[in-house]
**Student:** 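One structure, pasted below without further comment.
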Amino acid sequence: MTKTRTAATLLFLLPILFLAQHAAAQNTRGALLEPADGRIYHGVQHMTFATGPDPIAGYLSALNDNTIQPAVQGFFFSIPGTRGPALGLRQMATFFKSADSIGFIPEISLFFVSDVAVDSVIAVSDQYDWIIDSVITLSKAYGRAMLLRIGGEFNGAGPGWNGGGYHPYLYVTMFRKIVDRFAARGLRDSIATIWCYYPSAANDFDSVDTRGARWYPGDEYVDWFGLDLFDVQDFDPAAPEYQRGVITRKGKSERFLAMARSKGRPVYMSETSAKGINISADPTDSQNDWNGWFVKFWQFMTDHREIKGFSYIDALWPDRAYPGWGDARIENSPVLSALYREEMHKPRYIHLPSGTTGSDDTPVVPAHTLVLEQNTPNPFRDVTTVRFSIAAGTRAEFAVHDMLGRRLVLPVQKYFEEGAHSVRLHAADLPSGLYVVSLRSDVASVQRTMLLSR
């Protein structure tokens, strides 16, 4: 049944006002790419140690259903990296090309490591700025909204974790610097930044002292909170938050999520994997694995409506680098794969729209999935209304540009439910002329022109 949405009101904004209005707009319309309450992005991560040409082939084969393909795919990139940036940048360009053709939301995870953490170098020098700027150039060429996780798990400690551990205070400076560089290239409203925590780390993520925030970059720089979950003790609904007066890993997860709720931020779980489970083909073992890890994981998301996305790492964890992590590949078990598919068919999960592909082929999607009507009245002098409809719920962007391509309306980028929608536009002090109204989802795009005549 068609649903009618209450008309929203947007103001035409001059370019000089656009960035100044960003923070306030985030609070009124939610974070960039944030879906409606109760909806959760289904995602998957590309791991650098995966073998074979397609690191997620096994995961997609376990899904075996084009109606539940992941809406988000993640890509890891280290600055400067142990092998240098050239190969990583080429791989990122290929990844963005896939995102453009397949239609998934790209999530870029930037790590700042060589043999040691280099967040402190980035914070105080321009040594690696050219690599950051290369990432920005690739992001600009991609040209759509994306998730950007800066620093991975920010306050981990010890060799092998973020290159040996990031540096408090300087990490904050680095995070802000990177976001500001994206903003300087006109991309602040195209990136949804993620500030990510792992609950085995220290319980100091919200610490502030005379030097400032130890880890939190600030509300104007953080769009999403991130929480990485591997151990069942991090999220088991039955696990205690304190033991003998000491906070547990579950307690730290809860405290971090409480901070996200207090700031009105959605949460994306960028890295999730069934650590230590060792999924096998044995039916009894598979059912135990499902009950022991996955059921608790799904329940954790149910209990926390601020969680609005997850990406699974479908990996055989290398024992040398990750001793005891085991085999988390769901395709190992027909029983577990079937249970996973059943979970993914629940309406709360957001997948690629049906009809897109999991290959490099450009998906064929009928244009009528988005219908943009001519604004009325047209021409108009002060106020006009644009109506559009969406055949199936999807994330989309509504925007208005002048004929030079400059964006003159604060865009609406969010999850739109199926049905009819309308936007009332006020011309304010804009000059007479022709303007372009565009409506774009990941797999379809439509536009119309309208005439402002004073």
Side-chain angles (χ1 to χ4, degrees), residues 35 39-52 54-76 95 98-99 102 104-109 147 149 152-153 194 196 198-199 224 226-232 234-236 253 266-280 286 289-302 304 307-318 322 325-346 348-352 358:
R39 302 303 305 279
I40 299 170
Y41 287 122
H42 162 212
V44 65
Q45 283 287 358
H46 292 235
M47 296 305 295
T48 55
F49 55 75
T51 58
D54 186 352
I56 63 171
Y59 184 78
L60 298 181
S61 70
L63 294 177
N64 193 30
D65 186 335
N66 69 357
T67 68
I68 55 171
Q69 297 298 295
V72 178
Q73 293 189 26
F75 179 86
F76 291 175
F95 179 73
S98 295
I102 297 172
F104 62 80
I105 303 170
E107 186 216 16
I108 302 296
S109 290
L147 295 163
R149 186 168 63 133
E153 298 146 4
I194 301 175
C196 184
Y198 183 33
W224 289 64
L227 183 66
D228 288 354
L229 298 177
F230 299 95
D231 295 89
V232 70
D234 297 339
F235 56 84
D236 185 348
S253 294
V267 177
Y268 196 91
M269 299 190 297
S270 298
E271 297 183 49
T272 63
S273 191
K275 177 183 174 183
I277 297 300
N278 282 315
I279 298 171
S280 73
S286 297
D289 291 343
W290 180 258
N291 294 335
W293 196 94
F294 290 92
V295 168
K296 296 173 182 180
F297 180 71
W298 310 131
Q299 185 60 47
F300 187 72
M301 287 195 287
T302 299
H304 297 85
I307 296 175
K308 297 193 172 184
F310 79 96
S311 286
Y312 189 74
I313 299 176
D314 189 68
L316 170 59
W317 293 93
Y322 302 91
W325 282 50
D327 195 337
R329 293 176 296 177
I330 62 174
E331 66 269 23
N332 292 346
S333 166
V335 170
L336 197 144
S337 293
L339 292 168
Y340 198 98
R341 288 193 297 271
E342 183 180 354
E343 176 68 26
M344 289 299 99
H345 276 112
K346 292 181 179 178
R348 68 174 177 169
Y349 296 107
I350 300 170
H351 312 288
L352 282 180

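Note that the structure is predicted; figures quoted are calculated from it, not measured.
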**Student:** Within a strict 4.5 Å, meaning less than it, do heavy atoms of the Ile40 and Met301 side chains meet?
**Tutor:**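 When only atoms from C-beta onward are counted, Met301 and Ile40 do touch, with a gap below 4.5 Å.
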
**Student:** Identify the two heavy atoms, one from Ser253 and one from Leu229, that lie closest to each other, and give their separation to 0.1 Å.
**Tutor:**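 Closest heavy-atom pair between Ser253 and Leu229: OG-CD2, 4.0 Å.
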
**Student:** Can you confirm if the aromatic rings of Phe235 and Trp293 lie within a centre distance of less than 6.0 Å?
**Tutor:**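 So the answer is yes for these two rings.
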
**Student:** Partners of Asn64 by side-chain contact (heavy atoms from CB on, under 4.5 Å), sequence neighbours excluded?
**Tutor:**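 Per chain and number, Asn64 pairs via side-chain contact (heavy atoms from CB on, under 4.5 Å) with no residue.
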
**Student:** How close do Pro35 and Lys308 get, counting heavy atoms only, and between which atoms?
**Tutor:**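 Residues Pro35 and Lys308, closest heavy atoms: O-NZ, 3.1 Å.
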
**Student:** So which atom in Ile313 and which in Phe230 form the shortest heavy-atom distance, rounded to 0.1 Å?
**Tutor:**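 For Ile313 versus Phe230, the nearest heavy atoms are CD1-CE2, 4.2 Å.
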
**Student:** Calculate, to the nearest 0.5 Å, the distance between atoms CD1 and OH belonging to Ile307 and Tyr268 respectively.
**Tutor:**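 The distance works out to 12.0 Å.
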
**Student:** Hey, are Arg149 and Asp228 close enough for a salt bridge, meaning a charged N less than 4.0 Å from a carboxylate O?
**Tutor:**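 Looking at Asp228 together with Arg149, the answer is yes, because their closest N to O distance falls below 4.0 Å.
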
**Student:** As an exercise, state the distance from OH of Tyr312 to CZ of Arg329, rounded to the nearest 0.5 Å.
**Tutor:**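 Here the interatomic distance stands at 10.5 Å.
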
**Student:** With side chains defined as the heavy atoms from C-beta onward, is the minimum distance between Phe300 and Lys296 less than 4.5 Å?
**Tutor:**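 Of all side-chain heavy-atom pairs linking Lys296 with Phe300, none is under 4.5 Å.
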
**Student:** On the 0 to 90° scale, with breaks at 30° and 60°, tag the Trp298-Tyr349 ring pair as parallel, tilted or perpendicular.
**Tutor:**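 If you compare the ring of Trp298 with that of Tyr349, the planes turn out perpendicular.
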
**Student:** Considering residues at least two apart in sequence or located in another chain, which fulfil the ring pair (Phe, Tyr, Trp, His ring centres under 6.0 Å) criterion with His42?
**Tutor:**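 Checked His42 against ring pair (Phe, Tyr, Trp, His ring centres under 6.0 Å); matches are Tyr59, Phe310, His351.
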
**Student:** Looking at Asp234 and Pro199, what are the two nearest heavy atoms and their distance?
**Tutor:**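 Scanning both residues completely, I find the closest heavy atoms to be CG-CG, 3.5 Å.
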
**Student:** Does the side chain of Glu343 come within less than 4.5 Å of Phe297's, by heavy atoms?
**Tutor:**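 No; the side chains remain at least 4.5 Å from each other.
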
**Student:** Starting from the C-alpha separation in whole Å, work towards a yes-or-no answer on side chain to side chain donor-acceptor pair (under 3.5 Å) for Ser273 and Trp325.
**Tutor:** CA-CA 9 Å; Ser273 191; Trp325 282 50; over 6 Å; no

**Student:** Between atom CD1 of Ile277 and atom OG of Ser333, what is the distance when rounded to the nearest 0.5 Å?
**Tutor:**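 Here the interatomic distance stands at 12.5 Å.
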
**Student:** CG/Asp65 to CG/Leu60 distance, rounded to the nearest 0.5 angstrom?
**Tutor:**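 Answer for the CG-CG pair, Asp65 versus Leu60, is 11.5 Å.
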
**Student:** Is the Phe76-Phe95 ring centre distance short of 6.0 angstrom?
**Tutor:**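 Between Phe76 and Phe95, the centre distance exceeds or equals 6.0 Å.
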
**Student:** Please check this pair: side chain of Arg348 against backbone of Arg39, looking for a donor-acceptor N/O pair closer than 3.5 Å.
**Tutor:**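 No, Arg348 side chain to Arg39 backbone: no donor-acceptor pair under 3.5 Å.
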
**Student:** What I'd like to find out is whether the side chain of Asp314 reaches to under 4.5 Å of the side chain of Ile56, using heavy atoms alone.
**Tutor:**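 Side chain of Asp314 against side chain of Ile56, heavy atoms only: no contact under 4.5 Å found.
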
**Student:** Between Leu339 and Phe294, is there a side-chain heavy-atom distance shorter than 4.5 Å?
**Tutor:**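 Phe294 does not reach Leu339 side chain to side chain.
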
**Student:** Can you tell me how far CD1 of Ile194 sits from CG of Leu227, rounded to the nearest 0.5 angstrom?
**Tutor:**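 Those atoms lie 11.5 Å apart.
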
**Student:** Considering non-hydrogen atoms only, spot the tightest contact between Ile330 and Ser337 and give its length.
**Tutor:**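 Minimum heavy-atom contact is O-OG, 2.7 Å.
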
**Student:** Of all residues at least two apart in sequence or in a different chain, which pass the side-chain contact (heavy atoms from CB on, under 4.5 Å) check with Ser280?
**Tutor:**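 Residues passing side-chain contact (heavy atoms from CB on, under 4.5 Å) with Ser280: Asp282, Asp285.
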
**Student:** Using a 4.5 Å cut-off on heavy atoms from C-beta on, say whether the side chain of Asp327 contacts that of Ile279.
**Tutor:**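 Not touching, per the 4.5 Å side-chain cut-off.
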
**Student:** I need the minimum non-hydrogen distance between Asn278 and Gly326, along with the two atoms involved.
**Tutor:**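 Taking Asn278 first and Gly326 second, the nearest heavy atoms are OD1-CA, 3.1 Å.
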
**Student:** I'd like to check Gln45 versus Thr272 (side-chain heavy atoms, cut-off strictly below 4.5 Å). Are they in contact?
**Tutor:**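 No, too far: nothing below the 4.5 Å cut-off.
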
**Student:** Do Phe104 and Ser98 make a side-chain contact, defined as non-hydrogen atoms from C-beta onward lying under 4.5 Å apart?
**Tutor:**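 A side-chain contact under 4.5 Å exists here.
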
**Student:** Would Ser270 and Glu107 count as a side chain to side chain donor-acceptor pair (under 3.5 Å) here? Give the steps.
**Tutor:** CA-CA 8 Å; Ser270 298; Glu107 186 216 16; 2.5 Å; yes

**Student:** Rounded to the nearest 0.5 Å, what separation is found between the NE2 atom of His46 and the OG atom of Ser109?
**Tutor:**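 Here the rounded value is 11.5 Å.
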
